Structure formats: structure tokens, C-alpha cells
Chemist: 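Right, I'll just put the structure down here and ask away after.
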Amino acid sequence: MHSIRRGLQSVPSGSWDKIIISTLSTSFSHDGGRSYRDVGFGLFRSFSRKTLPVERIIDHFDPTSVNYDIEVEKIRSEYEDAKRNFQNVPTAIKNVPRMDPEGIYVNKNLRLDKIQVYGFDYDYTLSHYTSDLQSLIYELAQQHLVNELKYPDICMVSKYDPNFPIRGLYYDKQKGCLLKLDFFGSIEPDGCYYGRHKLNTKEIKNLYGTRHIGRAYARELVGLMDFFCFSEACLIADIIQHFVDSKLEFDARYIYHDVNNAIQHVHRSGVLHKQILSDPSKYLVKNANVLRFLKMLKDKGKKLFLLTNSPFSFVDGGMRYMLEDCGRYKDNWKDLFDVVIARANKPSFYNSEHPFRCYDTVHDILAFTAVDKFLPNQVYYYGCLKSFLQITNWNGPEVIYFGDHLFSDLRGPSKAGWRTAAIIHELEDEIQIQNEESYRIQQAKFHLIQDLLGKLHSLVNISESGKKHLSLLKELNEERKLARSLMRNMFNSSFGATFLTDTGQESAFAYNIHQYADVYTSKPENFLSYPAEAWLHVPFDVKIMPHHVKVLSSFLKI
């Protein structure tokens, strides 16, 4: 069997090997040879103060016998040494292995040889869309607000801003704020917007009392977790800003209710689907690798099903376009699936008892007979998980479901015992940024400054601080702020990275990935790079996302 921990694109050598070799856990590939790739991300998360000789350890000291000025000078000297290294990037940073943008990252061990059934969502899972789609959704919802719900005409002025939102934000219906939260439910210092106005730390504390609102409070917020949420988050912020600028009174709950209804109307009315299919080349991306992946699974004897909330006509039009250069599968794409279910009404599909109905694709009508088995080349509407399992007899652990929405697509299956794969398209861009030398330099700076600040704070209470202490403290804080800002702007100038906070902690979105996704990747067809019998293993340290590499501050001391 193949044992795989995918992610590293290159392997360090030379002096870097000498630094880390004592901390490596020996790993072997299937042919008996040493495999650094199999060590995976654990290679970078197995360092500790006990095992990494190049990291300096804070000495324990008797507070009554310490000359604080001397200790501060030691930290100052260490900082000055590091600043000289900022100008000459150590070779070690350049040689840090790069993560694979198209890799599969593992939260829970997964043996693909045990998976017999593969299920797929359609939108943003099997289908790939261009950036024009978000603008289209935004504009159609905007028109509905003004034309149907009688919002002020000023609300038509704004355009979709692709540089503003990220996936995984939360909306506070009570206070009207868009929030980026960290792994523990605290508000990011630079991740709270009221309209398009970013609140500073003082404003956040005045509004919430504390940044550390916690997960219990976060559960009362609206999570914006799928790819369609980009246009929704941007429209919410723009509408609130229009009302603020126009000095109109409003209730933030109504803004969310109306914007959300407008977004839902765009989808459910069919107007969005008609626009996409009227000009598929503008909105849809052809991708023969999707077909290759599905055919590979079929050839391996796997069962396949499609489970989507979209209507069949939209799915059919999209699949025909995406596969129009792929021979017979253009008109017979349903042959790839053992079961096709549309208008599934996820997430209620997973806990309701709604019956399946057979859909006549020719006459656009639903049959009235009960569905007690799934027939080849048929299409089914509605249904529920309970009936699905009764009809198919597919056991939970042998089923894996691919979807892009953590709550609607994956939370239900994960609770039902299915294995789950989250499709996060922006993962590729974020990993590519993390692989860049400019990002890694700032990351190493940030961790070094964090270490120095920790040492400085351990010396003396701030009320007893001398001038040297306060001067160094101010300088380090300014340097840390700059490094955070530079890293943040490499991702998104408004909210930073999707998976990380500005302080280097995982985001609340990362927490939900941990909760509901056994594995995550940017596209389903990334599985083509892995044997169908592969064993996918969790990296050594599961407290951090598998695709993250921490560039240690010790690199700047080499």
C-alpha cells in the first residue's frame, strides 16, 4: 500500500539538512527508501526548545538579583544582530520546502482503498467558474434590492470589489459588523468592518466590550462559508455604508435579511442560471481533468453520485459545456454517475424525511410514484439522507462527499459518518503566497520579534520599566506591526489570509475545516496525483493546518 503525506514540493539539502536532521522522525516510502515527503509537515512542526539547538532558551533567573538594564541590553543586542540578517536572507529560508498548491491536506487519516462511493456537489466542486460570476451575483442581487424591495437608488452605484471579502467571515446581525475571527472566536484586531469602515481596537472594545467574544457568541453569528458568500459579504458592507453615508436610520438585522433574500432570489428564481448558460464561456471554465478523475474512479469500480441544490437543467447545461470537447460524455455525462440528485435542499437533506421524486428531464415534470430504488440514467429531486441510505445500503465510512460549503455540504455528512473532502479554490493562491520568499522573510521576522517581546515582557512589570525597556518595547511593537501588515497585504488588504490571522494563528474558518473536513484541497481532480489505494495521513502536529509551514525565527540567527 502507498503511504502518502503530500504537500512538499522540494527537499532541503546541505547545511539545512545538518540543522534539522537530528529532529527528523525517520520515514520510509513503499519501496523501502528514505522519503522526506512522507515526513510531511511534521518536519517543520517537530521542533522544540529541547531538540532545536539553534533556538535560544530563556534562562531562569532570580528577579531580585537581576540587573534589568543589562538584560534589556542583551535583548537589544540580539535584535540588532537579527536586523543585520534581515538584509542578507539566510540560505535556510530559501531552502525551506514549498507546499504543493494542488496537494491534498489531511485532518483525519483516510484510506482511499476503503472508500467505495464518491459523492459530489456541483457548484464550485465539479464546476469551475470565472471571477465574473461574483460580479454577476452582486449586480443581480443589487437590482432586486432596489427594484423589488425599494432600496434607495444610491445602492446601485457600488460595484463588486474582489479585493474586499474573503471566505469564512461572520456577520453580526445585531451590530451590523463583518468579522474575521480566529481559531478561538476572538475578533481579529484589523478584521472588523462596519460597512466599509474598518474599526480600530478601541472601537471594537467599545462595541463588544472585548475582542475575545468566544465561540459561544460566534455560534450566534452568520457564517459566510462558501464561494457564493463573496458577493454577499461585499453587498452587505456596501449597503450599510450607503445608509451610513446618507444618514438613514436602519436596523442591521433587516439589511442582512434583505440582502440574503436577494441573493437567494438570484439563485432560486433561475435568473442567475439563465445568465450563466446564455454565455457559458464568460462564466464557466472547461476542465477535462474532472472527466479524467470521474472516469478513473469508474474504472476502479467505485460508485459515484451527484448531490446538488441546483436544478437539473442548470447542471445539465453546465456539464455539457464543460465536457463539450470530451467526446460522447458531452451528451451522456449522466453515465458517469450511479445516482443523480438535484434540488436536494441541503443542509435539510441530511436531517429531514422528505421523499425522493423521479424527475422527467424531457417534459420537466415530477413523477407521482414512490421511489424505492435508483435506476440508471434517471434524475431524482429532493429526498433525504435517511431514504438515500436505505435505498443504496452504502455504509457511512465507505462514502466520501466533496463540497465547498462547510455547513451546507459537509457538516451533515460528517455527522452521519461519511468521510468529507472540502474544496477550497483559493487554497492554491494562498499556498503560492506562502511559498514566496518575501512572505517567508516577513514570517521569520514576525516570529523573531514575538520571541523577543516574550523575553522582554518576562523581565519586568511595565510599571517598573526603565527608558531602555520602553524604547525597545516600542521599537519591537512597531517592527511587529509592520511585518504583520506586509504579510496581510500579500493576501487581502481588508481581511488578510483565509486560513490565518495577522498574529499567525489559525482563523475560525480553519477551525471549521478541522471540524467538518477529513481532507481539503483546491479541486477534486487533485486526487488524480494519488494512487486510488493511497493512505492519507495526518501530519505530526494537528494543532496547525497541514498546509502551513512555520518559518522559524531561528533562521535569522544563522
Side-chain angles (χ1 to χ4, degrees), residues 15-16 18-23 44-96 182 186 189-190 201-202 205 211-212 437-488 501-505 541 543-544 549-558:
S15 60
W16 170 237
K18 294 176 184 177
I19 294 171
I20 65 172
I21 197 68
S22 65
T23 65
F44 296 101
R45 291 186 285 180
S46 59
F47 293 107
S48 71
R49 294 192 182 277
K50 294 181 180 179
T51 61
L52 188 61
V54 296
E55 283 219 85
R56 297 184 62 180
I57 303 172
I58 301 175
D59 295 324
H60 295 286
F61 54 86
D62 179 0
T64 62
S65 62
V66 170
N67 184 316
Y68 291 114
D69 283 345
I70 293 177
E71 294 299 322
V72 169
E73 282 300 323
K74 288 180 181 179
I75 298 174
R76 163 69 72 179
S77 177
E78 188 174 348
Y79 177 46
E80 295 300 330
D81 288 343
K83 282 199 294 185
R84 283 189 285 274
N85 281 329
F86 289 172
Q87 306 303 318
N88 300 299
V89 182
T91 303
I93 288 182
K94 296 181 180 179
N95 289 338
V96 173
D182 70 12
S186 296
D190 290 324
T201 302
K202 182 178 180 181
K205 290 183 177 180
R211 285 199 307 107
H212 309 292
E437 184 179 297
S438 57
Y439 175 81
R440 293 175 174 219
I441 293 170
Q442 295 304 324
Q443 188 183 28
K445 280 186 183 181
F446 177 78
H447 289 302
L448 171 71
I449 294 163
Q450 287 284 84
D451 288 346
L452 295 177
L453 280 169
K455 294 177 183 180
L456 196 60
H457 284 302
S458 70
L459 286 178
V460 61
N461 186 285
I462 193 68
S463 63
E464 302 170 9
S465 301
K467 290 182 179 180
K468 291 183 178 180
H469 181 280
L470 292 175
S471 175
L472 181 57
L473 180 64
K474 180 180 179 181
E475 191 171 341
L476 288 174
N477 277 323
E478 287 298 318
E479 194 72 52
R480 178 176 62 172
K481 182 178 179 180
L482 176 61
R484 283 173 53 178
S485 176
L486 290 172
M487 285 192 292
R488 170 195 188 84
T501 67
D502 294 351
T503 56
Q505 302 297 317
D541 184 352
K543 292 180 290 188
I544 207 166
V549 171
K550 177 182 178 181
V551 178
L552 301 176
S553 60
S554 56
F555 294 160
L556 291 173
K557 305 174 189 178
I558 296 173

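This structure is a prediction, so every number in the text was calculated from the model and none was measured.
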Chemist: Step by step, work out the salt bridge (charged side-chain N to carboxylate O under 4.0 Å, His left out) result for K474 and E478.
Modeler: CA-CA 6 Å; K474 180 180 179 181; E478 287 298 318; over 6 Å; no
Chemist: I need the L452 CG to E475 CD distance, nearest 0.5 Å.
Modeler: 11.0 Å
Chemist: If I compare all heavy atoms of S186 with all of H212, which pair ends up nearest, and what's the gap?
Modeler: OG-ND1, 2.8 Å
Chemist: What is the distance from atom CD of E73 to atom CD of E80, rounded to the nearest 0.5 Å?
Modeler: 9.5 Å
Chemist: Can you list the residues that meet the side-chain contact (heavy atoms from CB on, under 4.5 Å) rule with T201, with sequence neighbours excluded?
Modeler: P189, K205
Chemist: How far does CG of L482 sit from CE of M487, to the nearest 0.5 angstrom?
Modeler: 10.0 Å
Chemist: Where do K74 and E71 land on the salt bridge (charged side-chain N to carboxylate O under 4.0 Å, His left out) test, with the steps shown first?
Modeler: CA-CA 5 Å; K74 288 180 181 179; E71 294 299 322; 3.6 Å; yes
Chemist: To the nearest 0.5 Å, how far apart are CG in D502 and CZ in R480?
Modeler: 11.5 Å
Chemist: Among L456, I75, V72, which residue satisfies the side-chain contact (heavy atoms from CB on, under 4.5 Å) criterion with L473?
Modeler: L456
Chemist: Checking R76 side chain against K468 main chain: does a donor-acceptor pair fall under 3.5 Å?
Modeler: no
Chemist: What's the spacing between K455 NZ and L472 CG if we round to 0.5 Å?
Modeler: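 Between K455 NZ and L472 CG, I get 11.5 Å after rounding to 0.5 Å.
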Chemist: What distance do L486 atom CG and Q443 atom CD have between them, rounded to the nearest 0.5 Å?
Modeler: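 Answer for the CG-CD pair, L486 versus Q443, is 13.0 Å.
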Chemist: Are any of the side-chain nitrogens in K83 or E479 under 4.0 Å away from the carboxylate oxygens of its partner?
Modeler: no
